[in-house]
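Quantities reported herein were computed from a predicted structural model and do not represent experimental measurements. To find a chain, count down the sequence lines: A is the first, B the second, and so on, and within it residues start at 1. Below, all heavy atoms of this structure are taken into account, side chains as well, without hydrogens, waters or symmetry copies.
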Amino acid sequence: MRPYDHKKIEIKWQKRWEKEKLHKADDKSKKKKYYCLVEFPYPSGDGLHTGHVRSYTAMDIIARKRRAEGYNVLYPIGWDAFGLPTENYAIKTKTPPKVVTKKNTNTFRRQLKSLGLSFDWSREINTTDPSYYKWTQWIFLQLFKHGLAYKKKMPVNWCLTCKIGLANEEVVDGACERCGGATEKREKEQWMLAITKYADRLDKDLEAVDYLERIKIGQKNWIGKSEGAIIKFQILNSKFQIEVFTTRPDTLFGATYMVLAPDHELVEILKGQIKNWDEAARYVIQTKKKTEIERTAEGKEKTGVRLEEVFAVNPANQEKIPVFIADYVLKEYGTGAIMAVPAHDERDYKFAKKFGLPIKIVVEPVTGERREGEEKRRSIVALVRDPKTKKILSLDWGKALGGRLFIGGGLENRESPEEAARREILEETGYKNVRLTSVSEKIHHHYFAHAKGVAREIEATGLYFELLDGERTDVRHEDSERGKFKIEWVSEEEAGRDVSDPLHLYIFSKFVLGKCYEGSGILTDSGKWNGLDSETAKKEIIEFVGGIPKVIYKLRDWVFSRQRYWGEPIPIIICGKCGYVPVPEKDLPVKLPEIKTYTPTDTGESPLSKVKKWVNVKCPKCKGKAERETDTMPNWAGSSWYYLSYIMKGISNLKFPISKYKKGFEYWMPVDWYNGGMEHTTLHVLYSRFWHKFLFDIGIVPGSEPYAKRTSHGMILAEGGEKMSKSKGNVVNPDSIVNTFGADTLRLYEMFIGPFDQAVAWSTESIVGPRRFLERVWKMKEKIGKTGDADSTAQVEKAVKKISEDIEAMRFNTAVSELMIVSNALDKSSSISKPVYEKFLRILAPFAPHVAEEIWSILGNKKSIHNESWPKYDATAFIETTLTIMVQINGKVRGKFTIPSETPEEKIKEKALSLPETAKWISGGKPKRIIYVKGRLVSIVV
RNA sequence: GUCGCGGUGGCGGAAUGGUAGACGCUAUGGACUCAAAAUCCAUUGAUGGCAACAUCGUGAGAGUUCAAGUCUCUCCCGCGACACCA
């Protein structure tokens, strides 16, 4: 027998498949289509990563299964080749990016081909080909013509050391990614795409697609929809008003001051009215100057300046409130101004504390659950803190009676809360001398008093005391119903951990942790809405003050300009007379000129600006002197429509006009299954959904969503569990694994390594496992005989079922494990029947396509195994004829027995009781209960 | 801080509420060999016991249940994303 020589086998079949065009997708097929997509790689100089192998192999398995199921499968690949690393490499080595890209894609192509992935290579695309980016430019022009691309002054990240503009992704924690130096924001005119116009649809349409839940959540959070209202506040002695956006109009009565973003237009407008203008102006400048690092380093420390003599009127209660500027309010979000409600917003609370502003409580919390027929009571909860030991007085009632609590009790007669609290402290703990430091708002607490069997609503007041000295009286507990409790002084930590009663916990977090209440509740101090539920009050209060209900999004418009060379030129001509003029379609693509230096200019402009021959053009409209736009597009541009380019490549090799492709889009779109990295959830997937929706709106594509299903793979980490990185020297090169173990082994290993959607650490040691498995499968063909045993036949049938299901659910690790279980079973039997072995090979084929094909042909099959249909399984083959029944006694497994599967329940129970083990454990007692779980176990309770 | 994911042997990880540790790696012993590698066989959660067997055991604590890795609550730790979003 020949040994298993992976090198020979793999190269041989890869050549054969390519020659026979085995994986070519057919544009004219009558079959049902299935479009499998993986994120096309950025061809970096480092070559293919183990992470690519993981994602691509997984989708390859799915593609192969779909082909076997009779679908016309499109599984394409290409290169997302514009980008910074290539450009930076070009700057350093003076090699044209085009040349670098060519070299890198050659490496990637060779590596991908060596893995036996069933890509349709005839559709390979490259975002840096002019024939490709003419379309990227074409789509940009459509966006421009529809008013979705516009130019605006926007802050750019500027590295103070390198003196160049940086893309957002080059700024890490406020520092320049290359030199580590500080960055700041500089204003520059930038091209923007109005993705916010699609925010609502991008959010809502998530309901209609099959994305992993965490991907949907990621997108939703990024879009950041929030519902609220715009409310206007009149400025005293001025014709101007301050507009704010708020999600909490119910707290309007508690708005005790206002804050404008330092760069808010009103600041400049109100200049004459602001008495301390110098101070305010200084703060505005300071804020602008602040680098990103400073801003983040400052953390949550609030700063700001009061605009003296400027007052606004709270429209709810006509109160005169001061106005501030502070950088915790952002100009870009909402209206750039807020009404501050320090009692019910953590940030406003901190600011108010620092500036000594009034904190007015307007929402009373509700704790516990409301029940029918509640009895109303008033009570107090008192916290006593010993300033010397910093400990808090608590009562431990024991588990049954609520655990650790503070001091609580009802109000008697006409007692005030303070009187009641002092009385309770004395009665329950004996401490005589305490000083009241603060009192809380009312808390509406609902609970069920088990001892008395009544539901209660209590209006509780929290009181915070300081212990003055240790003088105590004896404590007698005549109230027997309460039982005994232990009086203990506990640390803040212990108290926070042990106290679980929601009312007590609320008062603790208010006084000790200094938290304000941000939840909903019952309104107070709010005019005619007192006593109303805050959620209900929202609408009414908006209406009362003439507010406008409004939905806003966190999502911002997409900054689409890069001042770089290696990207698609933005196809716009800037004319002094005509403004921004689109390059006519017939002149596309606007090709990147070949230049010598790729370094960005000192002014932060693209290196293209220095190529005068390229820049100076005639205006297409007025034929006058004009200049080209020198900004280029970001990385995300080419990948926002690439899934369409594969279809176009197959039909007419990306030639104009777009109408050629309509039928192709109708047949192939949407992508049926798209797998990629979690890191692309918010940017790439969102951007491409936006472009697709736009293309749908202008009638290019048939549906409004590009991807019907999106899944995500976990990262592959280096052996220690850290990220693989060149600097750490822990990168695994797939080439060396393919060389020593073979592509089939690598594929199996990466599928077996762990749950597909989770991060897993690489382990070179473990690769031998899948290799040994393949060796066993290889040798097994020697054992083919006329008959096989029934057991291994059943195993194979079962495996077909399990593996079919596992592939669909991306449980590749358990699928491989199942293949191993089958091979172990086949290995044990002395003779294997050919049909059983062949069936096994057919389910192995998507995972290890080369060995499966080789053995398949050795067995005498003339046609490729990859043209075989997906096997069906015979469920009757693995129906158990005998059952193993477990016997549990008081929940513990004490014995088991086997019995024919048709045995009636009564017989099984009898048998269970008659077992010697059962007798031993019951030891004379009578079973109280016998539970039978069908086909599994008998549970006996004694 | 918020959101998401996770915590199970020496390691990667299995497990519709029903025999925890499938499958793989490692390690130990044995077979083969002059020897080694490879391969094959056996053992491999902890503790006690000659053994049969027993007890404990899925980050911690509580709860629901005849039965909890799995469900509920509270908390701790690790990873990832976002981060003053009104």
Problem - Contact nearer the 5' end of RNA chain B, comparing A:T246 with A:M678 - result: A:M678

Problem - 5' priority, RNA chain B, between A:M715 and A:I217 [closest heavy atom] - result: A:I217

Using the [atom1] atom as the reference point in each nucleotide, state the distance between [N] and [M] in Å, no decimals.
N: B:G49; M: B:U64; atom1: C1'; value: 37 Å
N: B:G9; M: B:G21; atom1: P; value: 14 Å
N: B:A51; M: B:A46; atom1: P; value: 15 Å
N: B:A14; M: B:C71; atom1: P; value: 15 Å
N: B:U70; M: B:G59; atom1: C1'; value: 16 Å
N: B:C73; M: B:C3; atom1: P; value: 14 Å
N: B:A22; M: B:G45; atom1: C1'; value: 15 Å
N: B:G10; M: B:U44; atom1: C1'; value: 10 Å

Exercise for the section: Keeping to residues at least two apart or across chains, list the salt bridge (Lys or Arg N to Asp or Glu O under 4.0 Å) pairs with something in residues 933-942 of chain A. Expected result: none

Practice task
Please collect all salt bridge (Lys or Arg N to Asp or Glu O under 4.0 Å) contacts where either partner lies in residues 751-771 of chain A, sequence neighbours excluded, each pair once.
Solution key: A:R771-A:E775

Fill in the blank from the handout: chi for B:G30 classified (syn = within 90 degrees of 0, anti otherwise) as anti

[Y] versus [X], side-chain donor and acceptor atoms under 3.5 Å:
X: A:H684; Y: A:E39; value: no
X: A:D744; Y: A:H6; value: no
X: A:T711; Y: A:N675; value: yes
X: A:Y283; Y: A:T303; value: yes
X: A:D348; Y: A:Y328; value: yes

By ring pair (Phe, Tyr, Trp, His ring centres under 6.0 Å), which residues pair with [X], not counting sequence neighbours?
X: A:F233; result: none
X: A:Y749; result: A:W762
X: A:F324; result: A:Y257, A:F351, A:F355
X: A:W222; result: none

Any idea which of [options] is nearest the [X] side chain?
X: A:D327; options: B:C82, B:C23, B:C84; answer: B:C84
X: A:F245; options: B:C25, B:C23, B:A86; answer: B:A86
X: A:I821; options: B:C82, B:A86, B:A22; answer: B:A22
X: A:Y333; options: B:C82, B:A81, B:A86; answer: B:A86

Please report the distance, rounded to the nearest Å, between [atom1] in [X] and [atom2] in [N].
X: A:F351; N: B:A86; atom1: CZ; atom2: P; value: 18 Å
X: A:K554; N: B:A81; atom1: NZ; atom2: P; value: 16 Å
X: A:L555; N: B:C82; atom1: CG; atom2: C1'; value: 14 Å
X: A:L260; N: B:A86; atom1: CG; atom2: C1'; value: 13 Å
X: A:Q795; N: B:C23; atom1: CD; atom2: P; value: 11 Å
X: A:R556; N: B:C82; atom1: CZ; atom2: C1'; value: 12 Å
X: A:R929; N: B:U65; atom1: CZ; atom2: P; value: 10 Å
X: A:F741; N: B:G24; atom1: CZ; atom2: C1'; value: 14 Å

Completion exercise
Interatomic distance, OG@A:S823 vs CZ@A:R772, rounded to 0.5 Å, equals 13.0 Å

Exercise for the section: Kindly say if A:R214 contacts the phosphate of B:C5, meaning a side-chain N or O under 4.0 Å from OP1 or OP2. Expected result: no

Exercise for the section: On the 0 to 90° scale, with breaks at 30° and 60°, tag the A:F812-A:F756 ring pair as parallel, tilted or perpendicular. Expected result: perpendicular

Pull out every protein N or O sitting under 3.5 Å from an N or O of nucleotides 54-59 of chain B, one pair per line with the distance.
unit_1 : atom_1 : unit_2 : atom_2 : d
B:U55  : OP1    : A:R894 : NH2    : 3.3
B:U55  : OP2    : A:R894 : NH1    : 3.1
B:C56  : OP2    : A:K892 : NZ     : 2.8

Across the strands shown, which category fits [X] at heavy-atom distances under 4.0 angstrom: base, sugar-phosphate, nothing?
X: A:N824; value: sugar-phosphate
X: A:S226; value: sugar-phosphate
X: A:D345; value: nothing

Handout entry: Side-chain heavy atoms of A:T287 within contact of A:D263, under 4.5 Å
Key = no

Handout entry: N/O donor-acceptor pair, side chain A:K350 with base B:C84, under 3.5 angstrom
Key = no

Problem - Residue list, side-chain hydrogen bond (donor to acceptor under 3.5 Å, both in side chains) with A:S394, at least two apart or on another chain - result: A:R404

Handout entry: Per-nucleotide protein contact string for nucleotides 10-18 of chain B (B base, S sugar-phosphate only, - none; heavy atom under 4.0 Å)
Key = --BSS-B-B

Quick test: give all pairs of protein nitrogen or oxygen and nucleotides 38-46 of chain B nitrogen or oxygen below 3.5 Å, distance rounded to 0.1 Å.
unit_1 : atom_1 : unit_2 : atom_2 : d
B:U39  : OP1    : A:R772 : NE     : 3.2

Exercise for the section: Just jot down the salt bridge (charged side-chain N to carboxylate O under 4.0 Å, His left out) partners of A:K781, sequence neighbours excluded, or say none. Expected result: none

Problem - Pair assignment for RNA chain B - dot-bracket with | for other-strand partners, Watson-Crick or G-U under 3.5 Å - result: (((((((..(((.....[....))).(((((.......))))).((((....))))..(((((..]....))))))))))))....

